[in-house]
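So the structure is just underneath, and the comments pick up after that.
All heavy atoms count here, side chains included; hydrogens, waters and symmetry mates do not. Naming: A, B, ... by sequence-line order, numbering from 1 per chain.
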2 protein chains.
Amino acid sequence: MELGDRKKKILQLIIESYIETAEPVGSRYIAKKNDLSLSPATIRNEMADLEEMGYLEQPHTSAGRVPSQAGYRFYVDQLMERYFMTMADMERVNQALKLQTEEIDKIIARVCQVMSDVTDFTTVAVTPKHDKSRIKKLDLVMIDAHSFLAVIVTDNAIVKNKLFRTSGTIDEKALKLFSGLLNQTLTNISIGSITLDMINSLKKAVPEYANELIPVLNFVHEVVTQLDRSNLYMKGANNILKYPEFADLDKARSFIEFLEDGEAVSEIIKKVPDGAEQTSIIIGSENNNPHMAGSSLILRTYKIDDTAYGCLGLIGPIRMDYRKAVSDIEYFGRRLSLLFEEIFHGGET
Amino acid sequence: MELGDRKKKILQLIIESYIETAEPVGSRYIAKKNDLSLSPATIRNEMADLEEMGYLEQPHTSAGRVPSQAGYRFYVDQLMERYFMTMADMERVNQALKLQTEEIDKIIARVCQVMSDVTDFTTVAVTPKHDKSRIKKLDLVMIDAHSFLAVIVTDNAIVKNKLFRTSGTIDEKALKLFSGLLNQTLTNISIGSITLDMINSLKKAVPEYANELIPVLNFVHEVVTQLDRSNLYMKGANNILKYPEFADLDKARSFIEFLEDGEAVSEIIKKVPDGAEQTSIIIGSENNNPHMAGSSLILRTYKIDDTAYGCLGLIGPIRMDYRKAVSDIEYFGRRLSLLFEEIFHGGET
DNA sequence: TGTTAGCACTCAGAGAGAACGAGTGCTAAC
DNA sequence: GTTAGCACTCGTTCTCTCTGAGTGCTAACA
């Protein structure tokens with residue numbers, strides 16, 4: 001059966017009312033609420049049809065209707081109107097983002113935090129893999145006679161460091177030698193192409209300093225592996241406590257624990273196609289994870305540079321305000337892409 | 001009135017039973033539970049006395065007794081027996097801590113996380129002020145013709161960095177000049193003694209490069225201010241959902257929000273005397289914050305080095321297992337002090 | 001043919017009251 | 001000083017009824 005305009009309108013009204021109030025919607029309410037000028041009885045007929053088609057459900061005989069998962073899907077695909085973020089929220093976002101520039105990952109973590117504050121949802125953010133970036137400089141800074149610090153800087157300004165203690169005393173000269181060696185071999189090639197063999201071969205280059213060098217090489221390997229992987233940030237997991245869906249405390253707590261583990265969410269996000277700035281809406285059980293069957297995800301990719309994309313996400317109950325969520329996340333995604341554009345190709349700071 | 005041994009024993013039993021079950025404790029239960037071999041009636045007399053003295057309270061006539069704040073205080077000061085952390089928990093802690101060495105703040109954040117997992121409490125950790133540490137090296141790494149990265153390394157291995165973009169092109173020579181200038185003036189003196197004047201005076205040294213240098217100087221100032229301040233980490237705020245005290249969802253949520261703000265907790269921790277490794281127990285309204293009147297804090301200082309102390313904390317309901325909490329936090333404190341001892345004065349890595 | 005008024009029916013939720021039982025304080029006897 | 005006995009309190013739980021929002025169906029209407 002094809003959905004007539006009137007049915008569409010009714011479905012939309014029901015869904016939007018339910019999103020707002022979390023209460024089953026009755027025919028009377030719809031009849032009064034708007035300009036269709038139809039009697040409750042007529043609305044009831046239409047609602048019965050919509051239920052038959054699978055877009056609505058009835059918690060029990062004497063309750064109103066509630067959107068089904070298919071109902072939300074139809075709404076999101078065909079009925080949902082565009083929403084615009086309020087100026088106040090935009091201002092808030094801009095304020096939060098205009099703080100000092102810092103490490104990429106920290107910027108992303110902060111966006112995640114702000115997004116959770118603004119949207120009242122649990123937010124996640126995946127940092128890009130840095131397998132395409134290159135080590136720009138590998139510095140060994142002497143701290144005292146028994147310790148030095150290794151600092152790795154990449155061409156997209158990621159800095160990793162680690163302190164080392166040595167058994168014997170070390171001197172600047174040995175450190176210079178090491179760092180020369182390391183810089184020679186490992187800089188200016190993409191992280192993804194650095195292999196364990198390459199790193200290991202360096203061990204043989206200075207056998208007399210092997211004791212000191214091996215831990216440094218392990219560190220390099222660790223950093224390379226780390227950068228080759230994307231990272232998941234999650235903020236505001238306890239925002240779910242704001243939704244009546246999670247009024248049951250045990251349910252809420254175990255869901256928060258499940259979320260904070262991060263594994264499952266990562267799994268879902270991985271399936272988002274890479275390489276284009278776009279928004280995905282995953283409703284309820286569409287995510288194929290029984291623990292999250294009652295939740296929806298809105299995902300949005302963002303661009304770091306031509307070789308790296310990351311992903312932002314909102315997690316909320318199925319009955320979430322998709323209009324607002326989509327508009328919000330798109331704003332954040334755009335802002336973030338823009339910010340990186342500025343950082344990497346923009347004017348002066 | 002002085003507390004006889006029998007009264008003490010009864011008080012202890014009541015408190016420990018209440019800590020375990022969160023249910024008011026009746027006379028029958030105490031009479032049966034243990035070897036006092038007294039009848040419920042006798043226990044009731046004693047309980048009435050203890051209530052009169054202010055150590056116990058009655059939620060209502062027909063309920064059992066519940067410890068008062070004064071009761072917990074007396075328990076903590078005089079009755080509480082030593083408890084030893086289980087080997088399993090210790091093992092868990094050691095596993096979590098033996099991962100790679102990294103930035104001090106990150107180690108502390110991780111300890112905070114592990115502590116929250118092991119204890120089921122909300123945990124906080126204050127990183128030490130680094131006002132006594134010194135800038136060891138200030139490096140400017142050229143990234144491309146229009147950008148460079150400033151990296152600051154302190155003598156206790158803290159690394160801060162920031163990316164800068166320049167309007168004109170820059171060359172290695174100018175960067176060398178800058179970094180020479182900066183290193184000359186700012187290294188090897190304690191962070192606390194670096195003044196804004198000192199930083200500003202550098203602006204005049206190379207007027208021709210002022211445009212490029214000023215942002216860097218601002219960054220230096222920012223880092224110095226940051227290091228001069230202690231940082232608060234908080235983990236497991238939603239652990240409070242595990243306690244029946246927070247069965248009311250709204251209460252729980254607003255308390256979590258209040259906690260995560262961090263301000264109030266910082267305020268309380270500030271009052272802990274610095275400079276010695278010790279445990280403080282702050283019960284209920286003793287913390288002087290109405291929002292936290294229903295919670296207790298266990299605080300433990302730890303030592304980074306002779307000039308810097310930090311603080312770990314557990315936050316839970318007043319009815320918390322003080323025995324276990326104290327033992328746990330002391331173990332973590334000791335482990336952390338030890339870890340830093342190793343990092344800064346220990347053998348090889 | 002679509003719309004509507006009318007009506008019987010369903011069922012969750014609120015409220016009232018009764019029964020229960022855990023616990024108390026007091027008294028009197030041991 | 002201790003304990004058995006007993007009346008009393010009061011939160012909790014259960015049952016029952018009542019209420020009202022909402023439904024589906026039927027028959028009349030435009």
Side-chain angles (χ1 to χ4, degrees), chain A residues 1-11 13-15 17-18 20-68 71 244-245 247-248, chain B residues 1-11 13-15 17-18 20-68 71 244-245 247-248:
Chain A
M1 195 194 311
E2 192 40 43
L3 242 62
D5 280 354
R6 195 170 72 183
K7 281 199 173 56
K8 283 185 185 170
K9 183 73 189 162
I10 290 172
L11 180 57
L13 285 165
I14 291 173
I15 292 182
S17 158
Y18 186 68
E20 196 182 338
T21 64
E23 298 288 331
V25 184
S27 56
R28 243 173 76 89
Y29 177 83
I30 295 294
K32 286 215 167 153
K33 164 98 180 192
N34 71 94
D35 48 354
L36 291 172
S37 55
L38 290 172
S39 76
T42 311
I43 305 284
R44 276 204 291 282
N45 280 328
E46 299 288 51
M47 282 163 100
D49 286 349
L50 285 166
E51 183 171 359
E52 215 167 279
M53 294 168 162
Y55 296 127
L56 295 178
E57 282 167 358
Q58 233 177 339
H60 56 265
T61 343
S62 72
R65 297 310 204 291
V66 157
S68 70
E245 278 82 351
D248 178 32
Chain B
M1 197 193 305
E2 191 41 43
L3 241 62
D5 281 353
R6 194 171 72 185
K7 281 201 171 61
K8 283 184 186 170
K9 184 73 189 161
I10 291 172
L11 181 57
L13 286 165
I14 291 173
I15 292 180
S17 157
Y18 185 68
E20 197 182 335
T21 64
E23 297 290 330
V25 185
S27 56
R28 244 172 76 89
Y29 176 84
I30 294 296
K32 285 211 169 153
K33 165 98 180 191
N34 71 95
D35 47 352
L36 291 170
S37 56
L38 291 171
S39 74
T42 312
I43 305 284
R44 277 205 289 282
N45 280 327
E46 299 287 51
M47 282 163 99
D49 287 349
L50 286 166
E51 182 171 359
E52 214 165 282
M53 291 171 177
Y55 295 126
L56 295 179
E57 284 166 357
Q58 231 177 338
H60 57 264
T61 344
S62 72
R65 296 309 204 294
V66 158
S68 69
E245 279 82 350
D248 178 33

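- Between dG25(C) and R65(B), a contact under 4.0 Å exists linking OP1 or OP2 to a side-chain N or O.
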**OP:** Check the pair L38(B), E46(B) against side-chain contact (heavy atoms from CB on, under 4.5 Å), reporting the backbone distance first and the verdict last.
**Re:** CA-CA 11 Å; L38(B) 291 171; E46(B) 299 287 51; 5.8 Å; no
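- Between H60(B) and S39(B), the one whose closest nucleotide on DNA chain D sits nearer the 5' end is S39(B).
- When the P atom of dG6(C) is taken as reference, atom CZ of R44(A) falls 12 Å away, rounded to whole Å.
- The nearest whole Å value for the distance from the CG atom in D49(A) to the P atom in dT1(C) is 15 Å.
- Heavy atoms of T42(B) sit under 4.0 angstrom from at least one base atom.
- The phosphate of dG20(D) (OP1 or OP2) has no side-chain N or O of R28(A) nearer than 4.0 angstrom.
- Axis deviation across the helix from dT1(C)-dA30(D) to dC30(C)-dG1(D) amounts to 20°, comparing end segments of five pairs, rounded to 10 degrees.
- The phosphate of dC11(C) (OP1 or OP2) has a side-chain N or O of T61(A) nearer than 4.0 angstrom.
- The side chain of A48(A) approaches dG24(D) more closely than any other nucleotide in the set dA5(C), dG24(D), dC10(D).
- Remark: P of dG25(C) and CG of L56(B) are 11 Å apart, rounded to the nearest angstrom.
- Between the side chain of S27(B) and the backbone N or O of I43(B), no donor-acceptor pair lies under 3.5 Å.
- Going from atom CG of N45(A) over to atom P of dT3(C) covers 9 Å, rounded to whole Å.
- Checked by atom type and distance alone, the side chain of T21(B) pairs as donor or acceptor with a backbone atom of S17(B) at under 3.5 Å.
- Distances shorter than 4.0 Å separate none of the side-chain N or O atoms of S62(B) from OP1 or OP2 on dG23(C).
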